[in-house]
Structure formats: C-alpha cells, structure tokens
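All remarks here apply to the structure that follows.
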Amino acid sequence: MDDFGSKLIWVTQNDNVFEVEDILTNILSRLPVKTLLICKSVSKYWRDLICSPSFMHSHLVQSQEHSSDAFYPSYPSWDDNIPLLTKTDGETTQSFVDCDGFYFEGMVCSFNGLICCINFHGPIVYEWIKDSHTFDIHICNPATREVLLLPPTPTSEYIPKIGVSFGPTINEYKVFQFYYRDEKLYECKVYSSIVGSWKSMGTVPYSPYTSSNHVCINETVFWFSISVIDGRLVGHIIAVDREENFSIIRIPEEETMRPFLVNLEGCLCLVARHGLGQLDIWALQDSKESVWVKKRSDDIPRNFNIEGLSYVTVQKNEILLANWVRSVFYNMETRTWREFNWEHAREDMFSLPMAYTESLLPCKY
C-alpha cells in the first residue's frame with residue numbers, strides 16, 4: 001500500500017466489522033494536541049484525518065473528560081521558570097509554549113480550547129485606559145499556538161466589556177463588545193467567526209459589570225450586571241440568545257450584589273458567598289419569570305475562607321473559588337474542601353483561574 005490508510009480497509013472480529021479509520025480515530029483522539037501535531041507528519045492520510053472536523057470533534061469530546069484550569073502571569077516575565085500559560089487539574093501543572101511571543105494578557109473566557117484575550121495599548125487606571133484608547137482582542141489556541149487578531153473596533157477611554165457565545169458548531173463563535181456611548185447608554189457590537197467582521201447591535205441600556213463574570217449555555221451568553229434603580233444598586237443578569245435578542249433576568253434578592261455565574265450540567269447557576277462562612281448555589285428554573293431554586297447551602301470551613309473572592313469556575317463536580325493569591329476547591333458530591341497547592345511561590349504574579357479544555361480547533365472558522 002502506497003500510503004497507510006489511503007485505501008479502505010476492514011477489520012473483522014467476532015463477526016463484527018470495523019473500518020480502520022474508526023479504529024485509528026478512537027486511538028488518536030485520546031492523545032494530547034502536542035503529540036497529534038507530530039502525528040500529522042506520519043502521512044497525508046493521517047494529516048487529513050487529524051485536520052478533519054469530525055476528528056476535531058471526537059478529540060474535543062475526549063479532552064472534555066480531562067478539563068482543567070488555566071492561569072497566566074499578571075505581567076510579562078523573562079524568568080524561564082514562569083510559564084506564559086499554565087493549566088492544572090488541581091494536582092499537576094503543565095506549561096504551554098508561548099504563541100510566537102504572544103502574551104496571554106487579559107483572558108476573558110475559554111471555550112472549546114480557544115481563549116479570548118484583551119490586550120491594552122497603555123496603562124489602565126481602574127476602568128479607564130490611560131494615555132491610549134486602543135486595545136486588541138485576540139482568539140488564541142495555546143495548544144496549537146495559533147493566534148487570531150480580530151478586526152479593530154471604535155476606540156474608547158473606558159475598558160470594554162466582552163463576552164463570547166459559541167455554537168452550534170464546535171468552532172463557531174460570536175464575540176460581544178459593550179462600550180460606553182453617553183450617560184446611561186452603551187453600544188453593543190458583535191463579531192461573528194463565520195462572517196469575520198463586526199456589526200453594530202445598536203444602543204442598549206445595560207452593560208456587563210465585568211467581562212470575566214459571564215457564561216455561555218446553549219448558545220445564550222449571560223453576564224452579571226449592576227444598575228442604579230430608585231437610587232440603589234441592584235444586580236441582575238443580561239442575556240443574549242442565538243438570535244441576538246436581549247433580555248434581563250432578575251436574581252434572588254439576597255444574592256443581588258456579587259454572585260458568580262456558572263454552568264452546572266447545562267443549567268445557569270449562581271454561586272454566592274454570605275460573609276465568610278456560607279456558600280449558596282442557586283439554579284435558574286424559569287428565565288422568563290426569573291424563578292430560582294436554591295440547590296445547596298454549605299458552611300465554609302474557617303481555614304478555607306477566601307477574603308475578596310474574585311472568581312469562580314466549575315469543572316465536573318468541583319467548584320474552584322479564587323482570589324489573586326489563593327484558590328480552593330469545593331467538591332459538590334462529597335461536600336469537602338481542599339487547598340489548591342500552586343507550584344510557584346510567587347502566586348501574586350498570576351491571574352485568576354479559568355476553565356480550559358485542550359483542543360485542535362482553529363481560531364478562524
């Protein structure tokens with residue numbers, strides 16, 4: 001045979017018939033991306049198989065069984081002991097090679113192995129971009145080292161609020177950007193990976209509170225937001241569905257100021273902490289009527305208290321709660337807590353953790 005697999009081969013065992021491609025896919029889809037990039041050079045058949053959308057989907061499904069969390073340095077470092085991007089499953093760490101010098105600054109979210117980042121051209125003071133009104137938005141795949149720079153958008157002196165929805169295909173996504181227009185009005189623009197350009201969705205009365213506190217479920221993206229209503233601050237959720245329709249979801253009154261949005265088994269949930277000693281989890285039952293049900297309320301052991309909780313993410317049956325210097329895991333099945341032992345002593349150099357799944361997906365649709 002000129003090229004392994006270039007012809008149709010059938011394997012029989014116990015009266016069952018298998019195509020070699022199915023067997024090869026089953027084996028290769030369990031390998032890490034770094035190994036698969038080497039396997040592409042074995043033959044044209046292997047390269048075509050690994051680059052096919054069906055194989056990328058199979059590999060992504062396998063990778064999702066071993067999801068992890070990603071960190072990046074809070075500022076560039078030339079110290080060889082500090083990785084540009086690190087992922088961890090809570091027990092081990094793995095360093096990624098930088099993407100041709102690209103620095104993973106300002107990670108907004110991670111989806112199907114792709115990471116959305118904002119890189120600012122100048123110093124930042126609170127919500128204001130000092131001395132420069134420009135920034136770049138990148139979509140990058142750290143495993144394949146691919147980086148895509150999105151087309152520029154209108155400049156603003158305020159930090160934009162970003163969110164990403166993905167689907168229905170595995171490498172189809174939309175990037176939403178909110179930026180300040182004038183008093184109590186914001187403009188929203190959306191980038192489509194299919195079209196490859198931005199379009200305006202017009203002005204909207206609300207803007208996300210922060211880019212990091214958002215989640216995508218079934219092609220609908222949700223952000224936490226805070227508005228002034230009748231002279232007081234009120235928290236709520238902004239939702240944009242696959243048809244790009246906006247809606248507002250009220251949240252339980254006792255959780256109004258600082259809940260974290262997470263995806264628990266395909267359901268939008270709120271993770272909130274009361275004081276330092278209690279963790280509550282709420283599940284959305286009816287988005288139109290804003291009906292929530294409290295799924296769980298557990299005490300937080302004193303030695304696992306985290307002051308200034310800044311980020312929450314979920315991986316399988318564990319919730320990772322973190323601030324800039326400490327991260328702890330809460331197991332929802334066993335209701336137990338454990339410390340995340342970060343391998344680097346200078347923890348304050350690193351970002352908040354973000355859920356990450358390794359994949360072969362290209363940044364460009």
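The CD1 atom of I38 sits 12.0 Å away from the CH2 atom of W46 when rounded to the nearest 0.5 Å. C363 contributes atom SG, which lies 11.5 Å from atom CG of L149 (distance to the nearest 0.5 angstrom). Distance CD1/I238 to CZ/F224: 10.0 Å, rounded to 0.5 Å. Rounding to the nearest 0.5 angstrom, the gap separating the CG atom in L320 from the CZ atom in R338 is 9.0 Å. K295 contributes atom NZ, which lies 12.5 Å from atom CH2 of W282 (distance to the nearest 0.5 angstrom). To the nearest 0.5 angstrom, S359 atom OG is 8.5 Å from M56 atom CE.
By the criterion of side-chain heavy atoms lying less than 4.5 angstrom apart, applied directly or through intervening Ile, Leu, Val, Met, Phe, Trp or Tyr residues, V293 is not grouped with L268; the two fall into different hydrophobic clusters. Linking Ile, Leu, Val, Met, Phe, Trp and Tyr residues whenever their side-chain heavy atoms come within less than 4.5 Å leaves V195 and Y191 in two separate clusters. Connection of V42 to L31 is established within a shared hydrophobic cluster, with ILVMFWY side chains joined at heavy-atom distances below 4.5 Å, either directly or through further cluster members.
Looking at N112, its side chain does come within 3.5 Å of a backbone N or O of I170 through a donor-acceptor pair. A distance-only check finds no donor-acceptor pair linking the side chain of T336 to the backbone of N331 [under 3.5 Å]. Between the H59 side chain and the L28 main chain, no donor and acceptor come within less than 3.5 Å of each other. Between the side chain of E358 and the main chain of V33, a donor-acceptor pair closer than 3.5 Å is present. Formation of a donor-acceptor pair under 3.5 Å by the Q62 side chain with backbone atoms of S29 is not found in this model. Using modelled atom types, no side-chain atom of S110 and backbone atom of I115 make a donor-acceptor pair closer than 3.5 Å. Checking side-chain atoms of W223 against main-chain N and O of I162 turns up a donor-acceptor pair under 3.5 Å. In this structure, N141 contributes its side chain and L361 its backbone to a donor-acceptor pair below 3.5 Å. No donor-acceptor pair under 3.5 Å is formed between the side chain of W337 and the backbone N or O of I300.
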- What's the verdict on side chain to side chain contact (heavy atoms under 4.5 Å, CB included) for F55 and D48, showing C-alpha distance, side-chain angles and the deciding distance? CA-CA 10 Å; F55 180 86; D48 292 345; over 6 Å; no
- May I have the step-by-step check of side chain to side chain contact (heavy atoms under 4.5 Å, CB included) for K40 and L37, ending in yes or no? CA-CA 5 Å; K40 288 169 62 175; L37 295 179; 4.2 Å; yes
- Task: Begin from the C-alpha positions of W198 and V175 and carry the test side chain to side chain contact (heavy atoms under 4.5 Å, CB included) through to its verdict.
- Result: CA-CA 9 Å; W198 295 89; V175 180; 4.0 Å; yes
- Between S247 and S287, does a side chain to side chain contact (heavy atoms under 4.5 Å, CB included) hold up when you go through it step by step? CA-CA 9 Å; S247 62; S287 60; over 6 Å; no
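C216 is not listed as a side-chain neighbour of V164, based on a closest heavy-atom distance of 4.5 Å or more. No side-chain heavy atom of V240 sits less than 4.5 Å from a side-chain heavy atom of V190. Side-chain contact between N171 and S193 is absent, with no heavy-atom pair separated by less than 4.5 Å. Residues S165 and E219 have side chains not in contact (no heavy-atom distance under 4.5 Å, counting atoms from C-beta outward). Within the 4.5 Å cutoff, no side-chain heavy atoms of Y311 are placed close to those of T210. Taking the side chain as every heavy atom from C-beta outward, L261 and L270 approach each other to under 4.5 Å.
Using a 3.5 Å distance cut-off with no hydrogens or angles, the side chains of D241 and T220 do not pair a donor with an acceptor.
Pairs of residues two or more places apart, or lying in two chains, that qualify as salt bridge (charged side-chain N to carboxylate O under 4.0 Å, His left out) and include a residue from residues 193-218 are K199-E244.
Counting heavy-atom neighbours within 6.0 Å of N317 CG, excluding the residue itself, gives a total above 12.
Pairing each heavy atom of K161 with each of P208, the nearest pair is CG-O, 3.4 Å. Minimum interatomic distance between S297 and Q278 (heavy atoms only, all atoms of both residues): OG-NE2, 3.0 Å. Residues D298 and R296 approach most closely at OD2-CD, 3.8 Å, considering heavy atoms. Shortest non-hydrogen contact noted between Y45 and L24 is CE2-CD2, 3.8 Å. Across every non-hydrogen atom of V262 and V215, the tightest pair is C-CG2, 4.2 Å. In this structure, I319 and M332 approach most closely via the heavy-atom pair CD1-SD, 3.8 Å.
Taking the ring centroids of H214 and F176, they lie at or beyond the 6.0 Å cut-off.
Every ring pair (Phe, Tyr, Trp, His ring centres under 6.0 Å) that Y173 has, sequence neighbours left out, goes to F111.
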